[in-house]
Amino acid sequence: MYTETRPDRPHARPRTVAALLCAALAFIALAACSSGGGATASLDDVPPGTVIITGMQFTPAEITVQVGDTVTWQFRDNGVPHDVTSTDDSGAVAADPVLDSGQKKRGEYTHTFTEPGRYTYMCTLHPGMTGVVTVTP
């Protein structure tokens, strides 16, 4: 068997193998990202009165319920800790918070609203994460 050696391309085979290896690693990385494991909230499968915490946000950020309804916050951000804490009119943590889940990495927090009003909240660990519950009579 005769194999021709090309002096102008002495490293062609190692480069090809390296390129294939890089492509395979990129494919694996993309597949891992797209599998999600619950990281992405789809509102299609979320019961009414539920807020999903994922992707460093509350989804939906604003929700309307009636007096007597319970809102459930589901912590689905791949182990990233968050909390649900009431804020005042200035956006700071409320002195006497109605909502106070404590820090959680997973699980749920529920609160039953007994008074109509507008309840603002945030994640104290990530102040850019904010939400509103509007409670109607």
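One-based numbering along the sequence shown.
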- Output, in order, the C-alpha distance, side-chain angles, deciding distance and verdict of side chain to side chain contact (heavy atoms under 4.5 Å, CB included) for Phe113 and Asp69. CA-CA 6 Å; Phe113 290 88; Asp69 286 350; over 6 Å; no
- Intermediate values then yes/no, side-chain hydrogen bond (donor to acceptor under 3.5 Å, both in side chains), Asp83 and Thr124: CA-CA 7 Å; Asp83 63 10; Thr124 60; 2.4 Å; yes
- Are Val51 and Tyr109 close enough, and set up right, to give a side chain to side chain contact (heavy atoms under 4.5 Å, CB included), and what steps lead you there? CA-CA 10 Å; Val51 177; Tyr109 168 67; over 6 Å; no
- In sequence, state the C-alpha distance, the side-chain angles, and the governing distance for Thr87 and Thr120, and then conclude on side-chain hydrogen bond (donor to acceptor under 3.5 Å, both in side chains). CA-CA 6 Å; Thr87 56; Thr120 58; 2.6 Å; yes
- Task: Take Thr59 and Ile53, measure what side chain to side chain contact (heavy atoms under 4.5 Å, CB included) needs, and give me the verdict at the end.
- Result: CA-CA 6 Å; Thr59 304; Ile53 301 169; over 6 Å; no
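By the criterion of side-chain heavy atoms lying less than 4.5 angstrom apart, applied directly or through intervening Ile, Leu, Val, Met, Phe, Trp or Tyr residues, Phe58 is grouped together with Val65 in one hydrophobic cluster. Connection of Phe75 to Val46 is not established within any shared hydrophobic cluster, with ILVMFWY side chains joined at heavy-atom distances below 4.5 Å, either directly or through further cluster members. Using a 4.5 Å cut-off between side-chain heavy atoms of Ile, Leu, Val, Met, Phe, Trp and Tyr, with links allowed through other members, Val67 and Tyr119 fall into the same hydrophobic cluster. Trp73 and Met122 fall into different hydrophobic clusters, where Ile, Leu, Val, Met, Phe, Trp and Tyr side chains are chained together by heavy-atom contacts under 4.5 Å.
Side-chain contact between His111 and Val98: present, with at least one pair of heavy atoms (C-beta onward) separated by less than 4.5 Å. Side-chain contact between Val71 and Thr110: absent, with no pair of heavy atoms (C-beta onward) separated by less than 4.5 Å. Put simply, the side chain of Arg106 does not reach to within 4.5 Å of the side chain of Asn78, judged on heavy atoms. In this structure, the side chains of Cys123 and Thr85 stay at 4.5 Å or more apart for every pair of heavy atoms. Between Glu62 and Thr134, every side-chain heavy-atom pair lies at or beyond the 4.5 Å cut-off. For the pair Asp77 and His82, the minimum side-chain heavy-atom distance is below 4.5 Å.
The minimum heavy-atom distance linking Ser86 with Leu99 is given by the pair OG-N, 2.6 Å. When every heavy atom of Met56 is checked against every heavy atom of Met129, the shortest pair comes out as O-CG, 3.1 Å. When all heavy atoms are compared, the tightest approach of Ala61 to Thr130 is CB-O, 4.1 Å. What you find for Ile63 and Gly49 is that their closest heavy atoms are CD1-CA, 3.7 Å. Counting all heavy atoms, side chain and backbone alike, Tyr121 lies closest to Val132 at CE2-N, 3.5 Å. When every heavy atom of Thr136 is checked against every heavy atom of Pro116, the shortest pair comes out as C-CB, 4.4 Å.
Under a 3.5 Å cut-off, the side chain of Asp100 and the backbone N or O of Pro97 do not form any donor-acceptor pair.
The side chain to side chain contact (heavy atoms under 4.5 Å, CB included) search around Gln74 returns Thr50, Ile52, Thr72, Arg76, Glu108, not counting sequence neighbours.
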